[in-house]
Student: 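Below: one structure in structure tokens.
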Amino acid sequence: AQTVTQSQPEMSVQEAETVTLSCTYDTSENNYYLFWYKQPPSRQMILVIRQEAYKQQNATENRFSVNFQKAAKSFSLKISDSQLGDTAMYFCAFLGGSNYKLTFGKGTLLTVNP
Amino acid sequence: NAGVTQTPKFRVLKTGQSMTLLCAQDMNHEYMYWYRQDPGMGLRLIHYSVGEGTTAKGEVPDGYNVSRLKKQNFLLGLESAAPSQTSVYFCASTPGTEAFFGQGTRLTVV
């Protein structure tokens with residue numbers, strides 16, 4: 001069974017600076033997807049970025065990028081030029097396996113300070 | 001497209017009462033999931049379904065039942081609610097590449 005671990009329950013960053021959120025996972029699968037989801041106080045789950053395991057190139061979406069290390073089973077999220085609107089809970093998630101189970105980490109609460 | 005719709009959005013139950021949460025998706029997704037979210041615990045999988053007529057247990061299935069009689073609907077039932085089931089419940093669906101979520105249901109059991 002796959003597991004997802006986020007070792008940073010809380011983080012803070014100054015506006016305009018860069019921050020990196022960590023995520024590690026454990027799986028015996030070779031093909032899978034990894035995601036970072038953002039959950040602001042509104043409770044809505046918003047997809048930030050997606051990585052397909054068979055792609056070696058790291059995914060990027062504007063100010064958001066990942067460092068995907070498949071052998072190390074690591075999937076960190078880098079947020080550049082942090083904005084106040086980035087304040088939210090961030091969840092790392094894994095989707096894969098024959099049963100397509102979608103597994104989440106416990107989340108990292110990110111606060112962007114003015 | 002409505003995406004994933006959960007009903008109701010809020011509910012207060014008395015201990016021992018029963019209720020059903022409905023998740024409906026209009027994207028023809030095969031896979032659907034029910035989670036509960038509690039502070040510091042992330043999203044924990046209750047039950048999931050890999051297709052119409054199929055269901056499987058997640059990591060916290062006790063006290064819940066599910067059914068997927070139609071592909072677009074995934075129902076979560078609480079037969080006898082307990083205060084420990086006070087939580088925010090999320091439904092999600094995926095075609096296998098990206099997950100789409102409902103708005104969540106805040107359930108309080110008193």
Side-chain angles (χ1 to χ4, degrees), chain A residues 1-11 21-27 29 31-55 59 61 66 88-110, chain B residues 2-6 8-11 23 25 27 29-52 54-61 66 68 71 74 87-108:
Chain A
Q2 54 262 22
T3 59
V4 177
T5 302
Q6 294 179 249
S7 59
Q8 305 152 315
E10 295 186 35
M11 293 191 73
L21 280 58
S22 301
C23 173
T24 58
Y25 60 96
D26 189 23
T27 184
E29 303 293 334
N31 294 317
Y32 49 87
Y33 292 86
L34 293 164
F35 311 95
W36 279 98
Y37 280 90
K38 170 185 178 181
Q39 188 183 45
S42 67
R43 208 170 67 195
Q44 183 182 3
M45 294 289 286
I46 303 166
L47 178 65
V48 175
I49 201 163
R50 178 181 72 178
Q51 176 77 44
E52 296 160 65
Y54 65 88
K55 290 187 176 179
E61 288 287 343
V66 297
M89 182 72 81
Y90 287 81
F91 291 101
C92 179
F94 174 103
L95 176 64
S98 58
N99 57 9
Y100 275 91
K101 201 182 276 191
L102 177 61
T103 304
F104 286 82
K106 291 186 177 182
T108 297
L109 179 60
L110 176 68
Chain B
V4 179
T5 303
Q6 286 181 234
K9 291 186 171 44
F10 301 93
R11 185 74 185 266
C23 177
Q25 53 98 0
M27 297 171 283
H29 291 168
E30 288 292 337
Y31 312 102
M32 297 186 73
Y33 312 83
W34 274 109
Y35 296 89
R36 61 177 289 171
Q37 184 177 15
D38 303 291
M41 302 298 290
L43 276 76
R44 292 184 292 170
L45 183 63
I46 304 172
H47 287 279
Y48 64 103
S49 169
V50 299
E52 180 179 312
T54 74
T55 63
K57 293 180 179 180
E59 57 179 310
V60 289
V66 289
R68 187 135 179 238
K71 187 176 185 180
F74 195 28
S87 187
V88 177
Y89 292 84
F90 282 96
C91 172
S93 71
T94 178
T97 56
E98 175 186 339
F100 297 80
F101 286 83
Q103 294 290 82
T105 297
R106 180 173 292 280
L107 174 66
T108 302

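Chain A is the first sequence line, chain B the second, and so forth, proteins listed ahead of strands; every chain is numbered from 1.
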Student: Select, from B/Gly96, B/Gly58, B/Ala56, B/Ala92, the one with the greatest count of heavy-atom pairs under 4.5 Å involving chain A.
Tutor: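 So the answer, after comparing B/Gly96, B/Gly58, B/Ala56, B/Ala92, is B/Gly96.
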Student: Among A/Tyr37, A/Phe35, A/Phe91, whose ring pair (Phe, Tyr, Trp, His ring centres under 6.0 Å) with B/Phe101 holds?
Tutor: A/Tyr37
Student: Locate the shortest heavy-atom distance separating B/Leu43 from A/Phe104; write the atom from each residue and the value.
Tutor: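 Closest approach of B/Leu43 to A/Phe104, heavy atoms only: O-CB, 3.8 Å.
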Student: Quick one: what part of B/Thr54 sits under 4.5 Å from any heavy atom of chain A, side chain, backbone, both or neither?
Tutor: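 Looking at B/Thr54, nothing touches chain A.
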Student: Taking B/Tyr48 for its side chain and A/Leu102 for its backbone only, find out whether a donor-acceptor pair lies under 3.5 Å.
Tutor: no
Student: Heavy-atom pairs under 4.5 Å with chain A: which of B/Gln103, B/Glu98, B/Glu59 has the most?
Tutor: B/Glu98
Student: So which of A/Met89, A/Gln44, A/Arg50 has the largest heavy-atom pair count under 4.5 angstrom toward chain B?
Tutor: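 Top count of heavy-atom pairs under 4.5 Å with chain B: A/Arg50.
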Student: At a heavy-atom separation under 4.5 Å, does B/Gln37 approach chain A through its side chain, its backbone, both, or neither?
Tutor: side chain
Student: Going by the angle between their ring planes, with limits at 30° and 60°, are A/Tyr100 and B/Tyr31 parallel, tilted or perpendicular?
Tutor: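 Taking B/Tyr31 first and then A/Tyr100, their aromatic rings lie parallel (interplane angle under 30°).
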Student: Pick one of side chain, backbone, both or neither for A/Gln39, based on which atoms fall under 4.5 Å of a heavy atom in chain B.
Tutor: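 Side chain of A/Gln39 only, per the 4.5 Å heavy-atom cut-off to chain B.
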Student: Measuring from A/Thr103:OG1 to B/Arg44:CZ, what's the distance to the nearest 0.5 Å?
Tutor: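 So the OG1 of A/Thr103 and the CZ of B/Arg44 are separated by 13.5 Å.
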Student: Quick one: does NZ or CZ of A/Arg43 land under 6.0 Å from the six-membered ring centre of B/Phe10, within 45 degrees of the ring axis?
Tutor: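 Yes, a cation-pi geometry holds between A/Arg43 and B/Phe10.
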Student: Would you say the side chain of B/Phe90 lies within less than 4.5 Å of the side chain of A/Met45, judging by non-hydrogen atoms?
Tutor: yes
Student: Tell me whether A/Lys106 at atom NZ has more than 12 heavy atoms from other residues, nucleotides or ligands lying less than 6.0 Å away.
Tutor: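 Check fails, neighbour count at 12 or below.
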Student: Would you mind telling me which of B/Thr94, B/Val50, B/Thr97 has the largest number of heavy-atom pairs within less than 4.5 Å of chain A?
Tutor: B/Thr97
